[in-house]
Amino acid sequence: MKRYSLHLAFGLAIFLAPAALHLLAQDHDSLTPVEVDKLRDAQDPSERIKVFVSFQQDRLGRMAVASESNGDSQDNVDDLLNQYISIDNELKDWIQYQFDHDGDMRKGLRVLLDEGPKQLEMLRHMQSSPGAGTGDYSNSLRDAITDMNDTLEGATQALAAQQKKFPEMAESAKTETRELKKERKEQEKLNKKEREMRNRRRKTDKADDSGGN
């Protein structure tokens, strides 16, 4: 269930659809209106990753409560697992998009790599301690574990690539700034020479006019 291409660093299969179009097409069915607002407010690449991780943690917490309850709890767990998977896929799309557009995600990726293994452990605990009706959501649970493993693998590689890329980009920006300053200084020198030449011409013209009179 791999959705990453991150082809600049990963060498995996090319993403099936343009990330930007996919992001615009998302309707966030798995999110509450409040969560959608939080997501829209988080335009910074890293901050949105953190928001996605918090949404996933919320679903896991609600799963833990539902799995210990009776009645319709098994259906609730399956629904929450599907929400978790959907959020994870949106997270992957966001990382893909920012990776392709040089968005600095390093802080957010570090949070994901810190919290993700804990979430994965919670999912594995649910899998290894099946209760009544676990079979009703066993497939969704397996998919959630597979997805999170994929997410952590992709995030690890994306972070490694960005740690190499951004210092280079910063150094390139410094070099470009130095070159621009150098060009401005040279242009200022040329402008100064031109002004001096114009002043000398004006003085010469004045002297010629005075001599003619």
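Not counting sequence neighbours, R40 has no partner by the side-chain hydrogen bond (donor to acceptor under 3.5 Å, both in side chains) test. In terms of the side chain to side chain contact (heavy atoms under 4.5 Å, CB included) criterion, residue partners of Q98 (sequence neighbours excluded) are, by chain and number, P45, W94, M105. For D44, the salt bridge (Lys or Arg N to Asp or Glu O under 4.0 Å) test picks out no residue, with sequence neighbours left out. Residues passing the side chain to side chain contact (heavy atoms under 4.5 Å, CB included) test with E196 are K192, R200, sequence neighbours excluded. Residues passing the salt bridge (Lys or Arg N to Asp or Glu O under 4.0 Å) test with K38: none are found, sequence neighbours excluded. Among residues two or more places apart in sequence or in another chain, the side chain to side chain contact (heavy atoms under 4.5 Å, CB included) test is passed with D104 by R106, Q162, F166. With sequence neighbours left out, R62 forms a salt bridge (Lys or Arg N to Asp or Glu O under 4.0 Å) with D58. Partners of K189 under the side chain to side chain contact (heavy atoms under 4.5 Å, CB included) rule, at least two apart in sequence or in another chain, do not exist in this structure. Contacts of S46 classified as side-chain hydrogen bond (donor to acceptor under 3.5 Å, both in side chains), with partners at least two apart in sequence or in another chain: none.
A distance of 5.5 Å separates NZ in K92 from CG in N89, rounded to the nearest 0.5 Å. Distance check, rounded to the nearest 0.5 Å: CD1 of I87 to CG of D147 gives 12.0 Å. Here CG of D78 is found 10.5 Å from CD of Q83. Values are rounded to the nearest 0.5 Å. Once rounded to the nearest 0.5 Å, the distance linking CZ of R201 with CG of N199 reads 10.0 Å. We find the CG-CG distance between N76 and L81 to be 11.0 Å, quoted to the nearest 0.5 Å. In this structure, D79 CG and S30 OG are separated by 8.0 Å, a value rounded to the nearest 0.5 Å.
Side-chain contact check for N82 versus Y137: every heavy-atom pair is 4.5 Å or farther apart. Contact check for R142 versus N139: side-chain heavy atoms found under the 4.5 Å cut-off. Between L120 and R124 there is a side-chain heavy-atom pair separated by less than 4.5 Å.
A donor-acceptor pair under 3.5 Å is absent between the side-chain atoms of R59 and the main chain of L80, judged by distance alone. Under a 3.5 Å cut-off, the side chain of N149 and the backbone N or O of I145 do form a donor-acceptor pair.
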Query raised in the report: Checking side-chain contact (heavy atoms from CB on, under 4.5 Å) for the pair L152/M148: CA distance, chi angles, key distance, verdict?
Result: CA-CA 6 Å; L152 293 175; M148 179 48 74; 3.8 Å; yes

Requested in this report: Show the numbers, then the answer: is there a side-chain hydrogen bond (donor to acceptor under 3.5 Å, both in side chains) between D100 and Q96?
Outcome: CA-CA 6 Å; D100 289 342; Q96 177 72 68; 3.0 Å; yes

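A pairwise comparison of heavy atoms in V77 and M63 identifies CG2-O, 4.1 Å as the closest pair. In plain terms, the two heavy atoms of A155 and L109 that are nearest each other are CB-CD2, 3.9 Å. Residues L141 and L123 come closest through the heavy atom pair CD1-O, 3.7 Å. Annotation for S140 and I85: closest pair O-CD1, 3.5 Å, computed over non-hydrogen atoms.
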Would you tabulate the side-chain donor-acceptor contacts of residues 110-119 under 3.5 Å, counting partners in other chains and residues two or more places apart, or write 'none'?
from, atom 1, to, atom 2, distance (Å)
Q119, OE1, Y84, OH, 2.7
Q119, NE2, V53, O, 3.3
Q119, NE2, Q57, OE1, 3.4

